[in-house]
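Below is one structure; the comments refer to it alone.
By convention here, the first residue in the shown sequence is residue 1. In this text the structure is predicted, and so the values were computed from the model without any measurement.
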Amino acid sequence: METLAAPQGNFKLSRFPVRQQETLRAWDAADEYLLNYLNDEQLLHSNCHILIVNDSFGALACALSGYDTVSVSDSFIAQQGMQLNLNQNQLDLDAVEFRHSLMAYGQADKPYDIVLLKVTKSLAQLEDQLHRIRPYITQNSRIIAAGMTKGIHTSTLQLFATIIGQTKTSLARKKARLIFARLDPELIPPENSYPRSYRLANTEYQILNHANVFSREKLDIGTRFLIENLPTDSRFQQVIDLGCGNGIVGLMAAAANPQATLHFVDESYMAVASARENFSQAFPDREAQFEVTDCLKGIPSDSSDLILNNPPFHQQNAIGDFIAWQMFTEAKTILKSGGELWVIGNRHLNYHAKLKKLFGNCSTIASNTKFVILKAIKR
């Protein structure tokens with residue numbers, strides 16, 4: 001836990017999930033830039049109606065909790081981080097209203113005075129978010145985005161100009177930059193490109209993808225390799241697609257194991273919504289479970305026969321194996337005795353050693369020059 005010193009106060013902030021010996025902060029220089037700018041320009045007033053989009057762990061929400069503030073994110077983890085940090089700072093847990101990415105961003109009759117948007121790596125997500133913001137702003141609304149300079153490109157600014165209106169940027173400060181946009185009510189923006197869909201090769205399945213879903217345009221090569229090697233066994237009654245994304249792995253596992261009940265789990269609301277749509281279209285007469293959560297939180301222990309996992313190696317901008325380790329650890333708890341965890345990853349990530357340390361065993365199912373599929377069994 002570290003303390004963010006901002007003009008709005010000092011706030012003790014933690015990343016989520018909380019880890020021992022955490023070396024990363026729960027905010028960045030772009031958050032600091034935003035909060036200082038709001039103060040320097042005296043933009044905040046007692047009745048200020050504020051929208052925050054993509055607040056990583058609640059740094060902005062905590063600082064602006066004294067106003068009429070709504071926070072929108074596609075991340076369950078971001079939501080939990082906000083709740084954690086509001087609580088740590090003795091702030092009302094209901095002081096900031098949370099809305100997930102597929103909910104309406106506001107009320108049509110109550111436009112926002114200020115919109116604060118943290119720029120993510122995904123242009124697709126930014127496009128979708130700007131379209132969703134536009135109905136809830138007026139010419140008097142102040143739209144201020146922030147990000148690290150390395151993540152703000154000409155294409156980023158073009159999206160603001162195309163969807164919102166006149167756009168300009170600030171000078172850089174601590175490698176962070178602000179983007180300022182004003183609504184042009186005469187501007188007719190293009191239609192939102194998302195969600196998109198494509199037909200999965202060699203199948204009849206139409207795959208829908210919301211904007212913040214990995215591999216939106218086509219099947220990625222890692223997933224392709226995994227579904228080419230999926231297990232088929234009548235003893236797999238309860239199967240989890242962990243970190244499901246658009247649900248292709250679980251969908252193909254369901255096709256290969258017609259006796260199985262599938263559970264789709266991800267921390268992204270858009271991912272789980274995509275998986276739900278894709279499964280219901282592929283198997284309209286078959287039931288499945290869908291859960292937005294942190295890894296496997298809330299899933300009963302000793303309940304699964306098979307867990308399929310393609311672990312991410314980053315959380316927002318932080319790269320590391322901590323998410324994979326959390327997934328593997330929780331998978332061991334959720335699996336029944338004799339249950340199997342199947343993992344695909346890049347060869348260089350050395351998941352074999354981690355799984356063997358945790359499960360006491362690990363075997364290679366298949367490999368190629370880039371990927372390896374590993375199996376660990378809960379004894």
(message) To check you understand the geometry: which heavy-atom pair defines the closest contact between G81 and F16, and what is its length?
(response)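 Answer, listing the atom of G81 first, then F16: CA-CB, 3.7 Å.
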
(message) Which heavy atom of I377 sits nearest to which heavy atom of G338, and what is that distance?
(response)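 Heavy-atom minimum between the residues: CG2-O, 3.8 Å.
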
Has the side chain of [X] got a donor or acceptor atom that lies under 3.5 Å from a matching backbone atom of [Y]?
X	Y	answer
N89	K12	yes
N85	G58	no
T69	S65	no

If only side-chain N and O atoms count, and only distance matters, is there a donor-acceptor pair under 3.5 Å linking [Y] with [X]?
X	Y	result
S75	E267	yes
D294	Q326	yes
N212	D74	yes
Q79	Y269	yes

(message) Between F180 and Y37, is the ring centroid distance below 6.0 Å?
(response)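 Yes, close enough.
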
(request) Would you mind listing every ring pair (Phe, Tyr, Trp, His ring centres under 6.0 Å) that reaches into residues 127-169, with sequence neighbours excluded? (result)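 Applying ring pair (Phe, Tyr, Trp, His ring centres under 6.0 Å) to every pair that reaches into residues 127-169, excluding sequence neighbours, yields nothing.
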
(request) Step by step, work out the side-chain contact (heavy atoms from CB on, under 4.5 Å) result for L208 and R196. (result) CA-CA 6 Å; L208 177 137; R196 291 183 180 179; over 6 Å; no

(message) Angle between ring planes, F290 versus F264, binned at 30° and 60°: parallel, tilted or perpendicular?
(response)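 It falls in the parallel class, under 30°.
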
(request) Please list, chain by chain and in numerical order, all residues satisfying side chain to side chain donor-acceptor pair (under 3.5 Å) with K370, sequence neighbours excluded. (result)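 Side chain to side chain donor-acceptor pair (under 3.5 Å) check on K370 returns nothing, list empty.
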
(message) Nearest 0.5 angstrom please: M82 CE to F98 CZ, how far?
(response)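 Between M82 CE and F98 CZ, I get 6.5 Å after rounding to 0.5 Å.
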
